[in-house]
Amino acid sequence: MDVATSVLPTAAPSSSRNSGTMDALVIQGGRPLSGRVAISGAKNAALPVMAATLLAPGVHRLRNCPQLVDTRTFGKVLEKLGAKVTFQKNECVIDTTGVNSVEAPYELVKTMRASIYVLGPLLARFGAARVSLPGGCAWGPRPVNLHLTGLQAMGAQLDIDHGYITGKDVKLHGAHFNFDVVSVGATAQLLMAATLADGVTVLENVAIEPDITVLGEVLAQCGAKIEGLGTRRVTVTGVKELRPIDTAIIADRIEAGTFAAAAAMTGGTITLEQVIPDHFEASLRKLEESGCTVVREVDEVTITGPSRPRAVDVTTMVFPGFPTDMQAQMMAVASIANGTSVITDTIYLDRFTHVPELARMGANIELKGNVAVVKGVERLSGAPVMATDLRASAALALAALVAEGETKVSRIYHLDRGYENFDQKLRDLGARVERIRE
Ligand code: UD1
């Protein structure tokens with residue numbers, strides 16, 4: 001299908017929607033944020049489920065699917081393969097009946113690494129795939145070796161040539177695969193591939209992030225035979241075919257954590273609606289340690305920030321540990337805390353592009369390798385800053401909410417990749433935020 005005939009929304013209907021262009025956020029700091037905010041469906045849960053639609057021909061329905069640059073880009077990847085993709089509000093309908101291509105081109109993959117998720121499903125259902133290698137990102141190389149060696153263990157002969165991963169005449173079979181490191185991406189990849197492989201696949205040392213467990217549950221609802229979900233050892237018995245997916249995407253635990261951090265920093269009270277508190281318990285515990293009061297209910301959490309947060313040490317870990325996707329936001333909290341915090345990222349050792357930008361706003365951060373020593377300051381000052389990745393952008397926006405005066409956060413297309421209506425949600429909570437076109 002020609003992308004030009006795509007039915008996906010490409011432009012933002014209003015200034016508060018995620019347009020993905022060179023927009024900036026202009027934020028006047030100094031107001032406590034208070035009120036209720038509905039947390040959107042999780043990007044990191046939606047993308048693998050979108051890829052999984054390739055496993056079964058038919059019409060798939062994803063409810064509570066966030067409308068983001070990344071989900072739209074993934075829709076384009078699927079359309080390129082011959083699927084029909086429509087978004088209506090937060091329902092994404094994907095018809096994979098007409099999939100007639102197995103090529104995910106560089107032009108799309110380079111804009112979003114998660115495109116690599118189509119590799120396993122394409123090999124499993126069509127026995128062939130040609131998918132561009134994603135390359136690195138703003139905070140360093142992010143390898144895909146486990147995706148490849150895992151699929152190879154399942155019998156896929158893969159050639160890497162001219163920047164593409166190519167597999168032909170592949171007949172996937174069951175295998176025993178042990179992940180050297182816990183990888184969310186590679187676990188999703190092999191889980192999907194194994195559902196249609198011939199025989200039994202045992203995956204050891206798998207990721208148990210909620211996005212992965214839920215992906216497994218969704219596949220099981222469609223007829224996949226999977227045991228051990230939520231543990232480090234998952235067994236998949238291949239089936240001949242799967243039924244189309246009909247599911248609701250789970251709440252975004254990182255978006256929830258980001259708004260919780262906003263309450264912590266501004267001293268307000270924010271109720272996070274439609275969340276699964278267990279999924280971001282590690283973030284909530286750290287915020288409690290920093291002086292926040294947290295009230296957990298079945299599907300909502302109310303968090304009240306202290307007059308000034310206390311310093312906390314944070315080390316990112318695989319789930320249920322503190323997520324790397326909250327490291328930057330927690331550093332924003334630490335930057336104004338009373339005392340010195342030590343923040344270590346063990347998942348991605350150089351994911352610190354927010355450090356020099358926070359420093360431009362007056363933060364006192366010393367970075368040595370993957371360890372940041374943050375001496376909390378009493379006040380940050382507004383400044384023009386630039387975000388270079390998704391969570392770094394969120395951290396800068398948080399810092400801007402408490403900074404004296406005006407902060408312009410440029411290049412927020414990164415934010416738009418992962419936060420649905422972020423600036424509108426902030427305004428609804430009382431922040432003075434304007435989206436401008438640069
Ligand atoms: C990681 C996070 C995920 C987060 C995402 C985006 C973890 C375990 N994963 O997922 O929660 O949403 O970043 O910020 O916290 N690795 C390899 N070879 C591979 C794949 C990964 O060596 O083929 C390594 C990575 O370099 C990294 C670790 O494994 O050190 C975790 O990678 P993985 O979970 O796959 O990364 P993402 O899917 O990007």
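This one's a predicted model, so the numbers in the text were calculated from it and none came from an experiment. Ligands are counted one by one from 1 in listed order, and the atoms in each one are counted from 1 as well.
- Residue contacts with ligand 1, taken as heavy atom pairs separated by less than 4.0 Å, involve T324 solely via side-chain atoms from C-beta onward.
- Under 4.0 Å from ligand 1, heavy atoms of I347 appear from its side chain as well as its backbone.
- For residues 200-229, every residue pair satisfying the side chain to side chain donor-acceptor pair (under 3.5 Å) rule, not counting sequence neighbours, is listed here: H176-E204, E204-R233.
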- Message: Checking E420 against N90 for the side-chain hydrogen bond (donor to acceptor under 3.5 Å, both in side chains) test, could you report, in this order, the C-alpha distance in whole Å, the side-chain angles of both residues, the deciding distance, and whether it holds?
- Response: CA-CA 10 Å; E420 193 176 47; N90 288 112; 2.8 Å; yes
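- If you look at H147 next to ligand 1, the close heavy atoms, those under 4.0 Å, come from the backbone and the side chain alike.
- With ring centers used as reference points, F259 lies under 6.0 Å from F422.
- Proximity of L146 to ligand 1, defined as any heavy-atom pair under 4.0 Å, is shared by backbone and side chain alike.
- Remark: R253 is not positioned above the aromatic ring of F280, lacking an NZ or CZ atom under 6.0 angstrom from the ring centre and at most 45 degrees off the axis.
- If you look at E209 next to ligand 1, the close heavy atoms, those under 4.0 Å, all belong to the side chain.
- Under a 4.0 angstrom heavy-atom cut-off, R351 registers as being in contact with ligand 1.
- Comparing P143, G150, A42 by heavy-atom distance to atom 20 (C) of ligand 1, the nearest is P143.
- L272 has its side chain within reach of V37: a pair of non-hydrogen atoms, C-beta onward, lies under 4.5 Å apart.
- For the pair T96 (side chain) and A56 (backbone), a donor-acceptor distance under 3.5 Å is present.
- Residue N44 has at least one heavy-atom neighbour below 4.0 Å for each of these atoms of ligand 1: 12 (O).
- Ranked by closest heavy atom to atom 13 (O) of ligand 1, the top entry among Y117, Y348, F319 is Y348.
- Inspection of the S40 and K425 side chains reveals an N or O donor paired with an N or O acceptor under 3.5 Å.
- Side-chain contact, R351 with T324: a donor N or O sits under 3.5 Å from an acceptor N or O.
- No N or O atom of M317 sits closer than 3.5 Å to an N or O atom of ligand 1.
- Numbered from 1 in the order shown, with element, the atoms of ligand 1 that lie under 4.0 Å from a heavy atom of V318 read 8 (C).
- Polar contact with ligand 1: present for R142 (N/O pair, distance under 3.5 Å).
- In terms of polar-atom proximity, V181 is not counted as a contact of ligand 1, lacking any N or O under 3.5 Å from an N or O of the ligand.
- With Y348 as the aromatic partner, R142 meets the cation-pi criteria of under 6.0 angstrom to the ring centre and within 45 degrees of the ring axis.
- Neither the backbone nor the side chain of L148 comes within contact range of ligand 1; no heavy atom lies under 4.0 Å.
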